[in-house]
Amino acid sequence: MDETEFWELVDSARDAAEGDPEDQSDLLVERLSQLDPDAVLDFARHFEARANRAYRWDLWGAAQLLLGDVGDDAFDAFRYWLIGQGREVFEGALHDPDNLAELLEDFDEQVDGDCEDLGFAADEAYEQLTGAVLPDLGLPSRPAEPAGAVLDLEDERALAERFRRLWERFRA
């Protein structure tokens, strides 16, 4: 599975789920379960590599503005949800997390920004196909600390200055 196929699976599941993150996760498991185990492993590698790329302080700051108090687990779920939004939103957010102010058409903090299940869709599909746990993907582990300049996630003034467009749209 190449990168284009990865994003096509993510997008088609999101579109069929009409943007509902939990339904998207279920649909993704269904679709992955129709592939061979090697394709599921490829999907898992693509997903994990992107989750690791998104482990950055600036994205954590954006998540903090969108969702409120975001701890480690909530930031993992946010990164999984971000991947689930598709290539354009994901890459745009990596380029500059403040772009999320324009990239997100609607955002409901009760539903959006959180999809832990999406991060385990490949695990579930692989287990359904093989009866075994997803093996080690051979990727580097997530770094111990997020990449980039450390942000004080409690300093609302600093977050408002760093993410002006997000602040204006979601907090002002």
Side-chain angles (χ1 to χ4, degrees), residues 1-56 59-134 137 139 142 163 165-166 169-170:
M1 174 178 301
D2 65 19
E3 184 174 11
T4 299
E5 293 168 311
F6 167 81
W7 285 117
E8 286 172 355
L9 273 169
V10 169
D11 290 341
S12 68
R14 185 187 65 257
D15 291 345
E18 297 178 354
D20 182 287
E22 297 306 319
D23 289 347
Q24 182 184 7
S25 298
D26 294 340
L27 287 165
L28 194 53
V29 171
E30 283 179 31
R31 290 169 186 202
L32 289 170
S33 296
Q34 296 171 13
L35 304 175
D36 65 76
D38 287 336
V40 175
L41 285 172
D42 288 342
F43 179 91
R45 285 184 191 100
H46 282 290
F47 195 95
E48 188 68 23
R50 278 149 191 81
N52 287 343
R53 277 182 59 208
Y55 192 60
R56 299 175 8 184
L59 279 172
W60 204 330
Q64 188 83 1
L65 282 179
L66 290 166
L67 299 170
D69 189 27
V70 177
D72 290 338
D73 291 340
F75 185 49
D76 286 345
F78 176 81
R79 290 181 295 124
Y80 302 156
W81 172 85
L82 187 62
I83 294 166
Q85 298 313 293
R87 180 184 245 166
E88 180 183 346
V89 173
F90 180 77
E91 294 294 341
L94 285 182
H95 178 72
D96 180 357
D98 206 24
N99 287 338
L100 287 170
E102 286 81 35
L103 292 168
L104 299 176
E105 289 181 29
D106 295 312
F107 187 85
D108 178 353
E109 68 180 63
Q110 301 300 316
V111 178
D112 295 317
D114 176 5
C115 194
E116 182 179 19
D117 290 348
L118 199 57
F120 299 99
D123 299 71
E124 192 172 328
Y126 189 85
E127 192 166 336
Q128 286 179 16
L129 285 168
T130 66
V133 174
L134 189 79
L137 299 173
L139 297 173
R142 183 186 85 184
F163 306 105
R165 291 175 288 155
L166 277 173
R169 179 167 175 206
F170 296 103

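- The two residues Asp114 and Glu22 have their closest heavy-atom pair at O-OE2, 4.2 Å.
- The minimum heavy-atom distance linking Phe75 with Ala63 is given by the pair CD1-CB, 4.2 Å.
- In terms of heavy-atom proximity, Asp23 sits nearest to Asp20 at N-OD1, 2.8 Å.
- Rounded to the nearest 0.5 Å, atoms CG (Leu65) and CZ (Arg169) are 13.0 Å apart.
- Under the 3.5 Å distance criterion, the side-chain polar atoms of Gln24 are matched with a main-chain donor or acceptor of Gly84.
- By the 30° and 60° cut-offs, the orientation of the rings of Phe90 relative to Trp7 is tilted.
- Under 4.0 Å is where a charged nitrogen must lie from a carboxylate oxygen, and between Arg50 and Glu91 no such pair does.
- Counting all heavy atoms, side chain and backbone alike, Trp81 lies closest to Cys115 at CB-N, 3.9 Å.
- Rounding to the nearest 0.5 Å gives a distance of 9.0 Å between CG of Leu118 and CD of Gln85.
- A donor-acceptor pair under 3.5 Å is absent between the side-chain atoms of Asp117 and the main chain of Ser25, judged by distance alone.
- Within a 6.0 Å sphere centred on CG of Asp2, other residues, nucleotides and ligands contribute more than 12 heavy atoms.
- When the shell of 6.0 Å around CD of Glu88 is examined, it contains 12 or fewer heavy atoms from other residues, nucleotides or ligands.
- With Glu116 contributing its side chain and Ala77 its backbone, the two residues share no donor-acceptor pair below 3.5 Å.
- Closest approach of Asp76 to Arg142, counting heavy atoms only: OD1-NH1, 3.1 Å.
- Nearest heavy atom pair, residue Met1 against residue Leu9, reads CE-CD1, 3.4 Å.
- Here the CG atom belonging to Leu41 is positioned 10.0 Å from the CG atom belonging to Leu129, to the nearest 0.5 angstrom.
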Trace of the side-chain contact (heavy atoms from CB on, under 4.5 Å) decision for Arg56 with Leu94: CA-CA 9 Å; Arg56 299 175 8 184; Leu94 285 182; 3.5 Å; yes

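- The aromatic rings of Trp60 and Tyr55 lie tilted to each other, with the angle between the two planes from 30° to 60°.
- Leu137 is not listed as a side-chain neighbour of Phe47, based on a closest heavy-atom distance of 4.5 Å or more.
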